[in-house]
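Written out below as structure tokens is the structure these notes cover.
Note that this is a predicted model, so its numbers are computed, not measured. Each residue takes its place number in the sequence, starting with 1.
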Amino acid sequence: MGFLIRAAFWFSLVLLALPLGTGSDEAGQPSVGPLQALVAARDAVGDIAAICERKPDVCATGKSAMHTITVRAMETARIAAEMLDDDTAQQAAALDAKTVTGSVPAKN
């Protein structure tokens, strides 16, 4: 989710930097230049970084959520590894059961 937010942020900055059109938009508001957008983005990041000072419970909840996600991801990886190990063991057992050895017939 964080990747998508960052990707959208950088994509929007790229769109602002491209000289596709100049002047004001349909609502009559002046267009924003790349430098203005960069300054606004820097201020927004600073505001988001200061949220822990304003609302410590938000950061505590976020930390708990990240811990829960990490634990669940590790458990899922463990279950997947066990399933792969079981499948590999079953395939090896099946190959061993099908393998028949015998002697080479003697030439007359």
inquiry  = Considering only residues two or more places apart or on different chains, which pairs with a residue in residues 53-84 satisfy disulfide bond (SG atoms under 2.5 Å apart)?
reply    = Cys52-Cys59
message = Tell me every residue that passes side chain to side chain contact (heavy atoms under 4.5 Å, CB included) with Val58, counting only those two or more places apart in sequence or in another chain.
response = Ile51, Lys55
ask   = Should side-chain heavy atoms under 4.5 Å link Ile, Leu, Val, Met, Phe, Trp and Tyr, which residues sit in the same cluster as Leu84?
value = none
inquiry  = Taking transitive links into account, so neighbours of neighbours count too, which hydrophobic residues share a cluster with Ile79 at under 4.5 Å side-chain distance?
reply    = Met83
task = Quick one: which residue pairs count as a side chain to side chain donor-acceptor pair (under 3.5 Å) with a foot in residues 42-53, not counting sequence neighbours?
result = Asp47-Arg54
ask   = Tell me the salt bridge (charged side-chain N to carboxylate O under 4.0 Å, His left out) pairs involving residues 63-83, sequence neighbours left out?
value = Glu75-Arg78, Arg78-Glu82
